[in-house]
Amino acid sequence: ADKLLMLFGFVALTVNRLLPLLFTASMIGRDLLIVGGVVILKWRKIPLLYRPTYLSKITTFFQIATIFEALLVAQSPARLASARYDTLIVVASPYTNALRAITLVMTVVTGVQYFRIGSRMLQNEKTQTHRQ
């Protein structure tokens, strides 16, 4: 449920030009990677030993904070005029940019982390299949 809420939040804020497309694309890409990995593991009948990582929980916090910050920007007409963007990256305040940079980096890092976890699960299954 939280993933769907964040997905629609990111999409709505991006469509309304309050968040850069890069954020929405990175979040959707990471979640598609995770879902695609789960589908592959299920298809290969590999047991899922899935638990959200600590880093993933921190990433969720930063993603929610980024949505909250963008909603605050939407409430201030003066800030709204300066925060809208015409490129992939919005330049607002130093705090906004820092929050968004952290969120983007965390999203990418946890995407790589989950990719590695899934790859290890596939590799372990291949190793066990060859031993039998």
Side-chain angles (χ1 to χ4, degrees):
D2 64 335
K3 294 296 178 197
L4 282 176
L5 179 63
M6 285 193 303
L7 169 68
F8 288 116
F10 272 93
V11 169
L13 290 166
T14 300
V15 167
N16 287 296
R17 301 175 54 139
L18 292 166
L19 280 178
L21 179 60
L22 186 59
F23 279 88
T24 304
S26 68
M27 196 205 67
I28 291 172
R30 180 189 90 135
D31 289 347
L32 285 175
L33 176 79
I34 293 169
V35 170
V38 168
V39 167
I40 290 169
L41 292 170
K42 287 280 193 184
W43 178 66
R44 306 261 323 251
K45 296 183 172 119
I46 297 172
L48 289 176
L49 306 170
Y50 171 78
R51 289 186 190 162
T53 65
Y54 184 69
L55 201 56
S56 177
K57 292 179 181 198
I58 294 171
T59 300
T60 299
F61 168 81
F62 278 105
Q63 288 176 338
I64 291 169
T66 299
I67 290 172
F68 182 72
E69 181 275 329
L71 289 170
L72 287 177
V73 168
Q75 298 304 308
S76 170
R79 287 185 64 201
L80 182 61
S82 66
R84 286 185 179 246
Y85 63 93
D86 292 317
T87 62
L88 287 176
I89 297 175
V90 62
V91 177
S93 74
Y95 300 111
T96 297
N97 291 335
L99 174 63
R100 292 177 181 187
I102 291 168
T103 303
L104 183 60
V105 167
M106 295 290 290
T107 299
V108 171
V109 166
T110 54
V112 170
Q113 183 182 41
Y114 279 122
F115 180 80
R116 292 180 68 205
I117 290 169
S119 295
R120 271 190 246 127
M121 291 172 80
L122 278 171
Q123 191 63 32
N124 288 341
E125 186 64 24
K126 287 179 185 177
T127 304
Q128 290 176 2
T129 303
H130 288 305
R131 288 182 185 169
Q132 294 175 0

Problem set entry | side chain to side chain donor-acceptor pair (under 3.5 Å) contacts in which one or both residues fall within residues 32-41, not counting sequence neighbours |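 Counting only pairs at least two positions apart or across chains, no side chain to side chain donor-acceptor pair (under 3.5 Å) contact touches residues 32-41.
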
Would you kindly confirm whether [X] and [Y] end up in one hydrophobic cluster when ILVMFWY residues are joined by side chain heavy atoms under 4.5 Å apart?
{"X": "Phe8", "Y": "Phe10", "value": "yes"}
{"X": "Ile28", "Y": "Ile64", "value": "yes"}
{"X": "Leu19", "Y": "Leu4", "value": "yes"}
{"X": "Leu5", "Y": "Val11", "value": "no"}
{"X": "Ile40", "Y": "Val35", "value": "no"}

Can you measure from [atom1] ([X]) to [atom2] ([Y]) and round to the nearest 0.5 angstrom?
{"X": "Ile67", "Y": "Met27", "atom1": "CD1", "atom2": "CE", "value": "7.0 Å"}
{"X": "Asn124", "Y": "Ile46", "atom1": "CG", "atom2": "CD1", "value": "9.0 Å"}
{"X": "Tyr114", "Y": "Asp31", "atom1": "OH", "atom2": "CG", "value": "10.0 Å"}
{"X": "Leu13", "Y": "Glu69", "atom1": "CG", "atom2": "CD", "value": "9.5 Å"}
{"X": "Leu48", "Y": "Ile117", "atom1": "CG", "atom2": "CD1", "value": "12.0 Å"}
{"X": "Leu104", "Y": "Leu22", "atom1": "CG", "atom2": "CG", "value": "5.0 Å"}

For this session: Could you tell me whether Lys42 atom NZ has more than 12 heavy atoms of other residues or ligands within 6.0 Å of it?
Result: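 At most 12 heavy atoms, drawn from other residues, nucleotides or ligands, come within 6.0 Å of this atom.
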
Non-neighbouring partners of [X] that pass side chain to side chain donor-acceptor pair (under 3.5 Å), sequence neighbours left out:
{"X": "Thr110", "answer": "Arg30"}
{"X": "Thr53", "answer": "Gln113"}
{"X": "Thr107", "answer": "Gln63"}

Exercise. So which residues get pulled into Val105's cluster when ILVMFWY side chains under 4.5 Å apart are joined, directly or through others?
Worked result: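 Val105 shares its hydrophobic cluster with Tyr54, Leu55, Ile58, Phe61, Phe62, Leu99, Ile102, Met106, Val109.
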
Exercise. Hey, what else clusters with Phe115 if you join Ile, Leu, Val, Met, Phe, Trp, Tyr whenever side-chain heavy atoms sit under 4.5 Å?
Worked result: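 Phe115 shares its hydrophobic cluster with Leu33.
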
Exercise. Excluding sequence neighbours, so at least two apart, what forms side-chain contact (heavy atoms from CB on, under 4.5 Å) with Arg51?
Worked result: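 So Arg51 forms no side-chain contact (heavy atoms from CB on, under 4.5 Å) with any residue.
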
Problem set entry | Smallest separation among heavy atoms of Pro47 and Met121, with atom names |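 Where Pro47 meets Met121 most closely, the heavy atoms are O-CE, 3.3 Å.
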
